[in-house]
Each structure stands twice: as structure tokens, then as C-alpha cells.
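These notes are about the structure you will find just below.
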Amino acid sequence: MIRYRRPKQDDAFIMRFIDSQLVPLSHLNPVQLEAVRKDIPKRLARGITLVACQRYEDNPLGFVHFFLHGELLYIDMLAVTPESQRKRWGNTLMVHAEKFAVSRGCKRSKVMVDAGNANGLSFYKKLGYVTVRFHTQNQCHELEKTL
């Protein structure tokens, strides 16, 4: 099932998962990473986070965090536990985020993927995202999709 983030139950999981699954793929230096880490609670408060779990009360198997900017859906973070990968949880989270965005007038979606994240790049391309450009400064691929 997909549900909205419940901060008291989910935020510790989300922070651990960011540290273990997303941070290792980043090309930021340690000072930059620490600044990003400190900003995560503010980002979670500003955007929308959906979590995947077997049952409503269960701990998350994955999450997607996103922002809506006018007609743009910006996927900020997506992560699924290693044991839950390749079981369509990531796809399901993305479908829910995209449907939510379309219902609020979004026409396109954007995501940034770290250069070292070949699995993430392949995942988004299978969902119809195309590479728009590569940002050399932060070593990220920018991908977009029409919704």
C-alpha cells in the first residue's frame, strides 16, 4: 500500500535510508553532505512524501519525496529497501506521485540522478524519463518526462 508519510513513525527510517542508500551515491564533499543532511527535515516539511508498506501500520519499504512547482513535478528523493527492490514498489511510488501531480495541474516531471547511480538512471529511463543535460558541477544527470 501507499500512504502519506507519518513523521513520528517514518522519519527515522527515512533518515537512515538516506544515509545508507542515497548518500553513498552522492559526489558531494563531507561538508556539503552534512549541510544537506541538516536540511532534510525542512525539505520533508515543505514537500510531499509518500511511503510504501505492506500494511498501514508497517514500517516503510520505500518512499518518494517530491515538490510541485506550478506545472512541474520535481522528484526530490526516491528510495526502496534493497530487499524490496525489483518488486515494483518504486514504480508504484512514482505512479502515485505522478498521478497526484497531474491532478494538481502538473504537465512535466523532473528528477536529478547522481552520476554513480546507474540503477537509478536505468529505472527512470524505463519510466519514460529522458536525459536533458548533465551537470558537471554536482555530477548529476537531469531527466524529464511529460506527464
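Since this is a predicted model, take the numbers as computed values, not measurements.
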Exercise for review: List for me each residue that meets salt bridge (Lys or Arg N to Asp or Glu O under 4.0 Å) alongside Arg16, sequence neighbours excluded, and say none if there are none.
Suggested key: none
Review point. Given the rule in the side chain to side chain contact (heavy atoms under 4.5 Å, CB included) test, do Met77 and Ile40 qualify, once you have shown the distances and angles that lead to the verdict?
Key: CA-CA 10 Å; Met77 296 179 279; Ile40 296 289; 4.1 Å; yes
Review point. Out of curiosity, does Leu68 fall in the hydrophobic cluster containing Leu143 (side-chain heavy atoms, cut-off under 4.5 Å, transitive links)?
Key: yes
Study note, to complete from the structure: For Asp114 and Asn138, the nearest pair of non-hydrogen atoms, with its separation, is OD1-O, 4.5 Å
Review point. Quick one: salt bridge (charged side-chain N to carboxylate O under 4.0 Å, His left out) pairs with a partner in residues 73-91, sequence neighbours left out?
Key: Arg43-Asp76
Review point. Under a single-linkage definition using a 4.5 Å side-chain heavy-atom cutoff for Ile, Leu, Val, Met, Phe, Trp and Tyr, are Met94 and Phe67 assigned to the same hydrophobic cluster?
Key: no
Point to revise | Step-by-step salt bridge (Lys or Arg N to Asp or Glu O under 4.0 Å) determination, Glu71 to Arg108 | key: CA-CA 7 Å; Glu71 295 184 346; Arg108 62 189 179 97; over 6 Å; no
Exercise for review: State yes or no: are the ring centers of Phe66 and Phe100 separated by less than 6.0 Å?
Suggested key: yes
Review point. Which heavy-atom pair separates Ala97 from Val64 by the least distance, and what is that distance?
Key: CB-CG1, 4.3 Å
Revision key, fill the gap. Rounding to 0.5 Å, atoms CG (Leu44) and CG (Asp10) come to a distance of 10.0 Å
Review point. If you measure only the distance, is there a donor-acceptor pair under 3.5 Å linking the side chains of His65 and Thr49?
Key: yes
Check your understanding: What's the verdict on side chain to side chain contact (heavy atoms under 4.5 Å, CB included) for Phe63 and Arg5, showing C-alpha distance, side-chain angles and the deciding distance?
Key -> CA-CA 8 Å; Phe63 75 97; Arg5 165 184 156 254; over 6 Å; no
Check your understanding: Can you check whether Arg55's main-chain N or O pairs, donor with acceptor, with Asp58's side chain at less than 3.5 Å?
Key -> yes
Exercise for review: Would you name the heavy atoms of Cys53 and Trp89 that are closest together and state the gap between them?
Suggested key: O-CH2, 3.7 Å
Review point. Looking only at heavy atoms, which two atoms of Phe13 and Leu61 are closest? And how far apart?
Key: CZ-C, 4.2 Å
Check your understanding: In this structure, which one of Leu147, Leu72, Leu127, Thr146 forms a side chain to side chain contact (heavy atoms under 4.5 Å, CB included) with Ser109?
Key -> Leu147
Point to revise | Spacing of CZ belonging to Arg133 relative to CD belonging to Glu144, to within rounding of 0.5 Å | key: 7.0 Å
Check your understanding: Has the side chain of Asn117 got a donor or acceptor atom that lies under 3.5 Å from a matching backbone atom of Gly120?
Key -> yes
Check your understanding: Do you know the tightest heavy-atom contact between Val51 and Leu93?
Key -> C-CD2, 3.9 Å
Check your understanding: Are side-chain heavy atoms of Lys107 and Val102 found at a separation under 4.5 Å?
Key -> no
Exercise for review: Give a yes or no answer on whether the side chain of Lys145 reaches the backbone of Lys110 with a donor-acceptor pair at less than 3.5 Å.
Suggested key: no
Check your understanding: Is there a donor-acceptor contact under 3.5 Å from the side chain of Gln85 to the main chain of Val80?
Key -> yes
Check your understanding: If you group Ile, Leu, Val, Met, Phe, Trp and Tyr by side-chain heavy-atom gaps below 4.5 Å, do Val132 and Ile75 land in one group?
Key -> no
Practice item. Give me the other members of the hydrophobic cluster that Met1 sits in, counting Ile, Leu, Val, Met, Phe, Trp and Tyr linked by side-chain heavy atoms under 4.5 Å, directly or via other members. Key: Tyr56
Review point. In terms of the angle between their ring planes, are Tyr124 and Tyr129 parallel, tilted or perpendicular, with boundaries placed at 30° and 60°?
Key: perpendicular
Review point. What about Phe17 and Val36, same hydrophobic cluster or not, with Ile/Leu/Val/Met/Phe/Trp/Tyr joined at side-chain heavy-atom distances under 4.5 Å?
Key: yes
Review point. Is the backbone N or O of Val95 less than 3.5 Å from a side-chain atom of Glu98, with the two atoms forming a donor-acceptor pair by type?
Key: no
Exercise for review: Starting from the C-alpha separation in whole Å, work towards a yes-or-no answer on side chain to side chain contact (heavy atoms under 4.5 Å, CB included) for Phe123 and Asn91.
Suggested key: CA-CA 9 Å; Phe123 170 79; Asn91 292 50; 3.2 Å; yes
Practice item. Please answer: with hydrophobic residues joined when any side-chain heavy atoms are less than 4.5 Å apart, are Leu121 and Val111 in the same cluster? Key: yes
Review point. For Gly70 and Cys106, which heavy atoms make the closest approach, and how far apart are they?
Key: O-SG, 3.7 Å
Point to revise | Within-4.5 Å side-chain heavy-atom neighbours: Phe134 and Glu142 | key: no
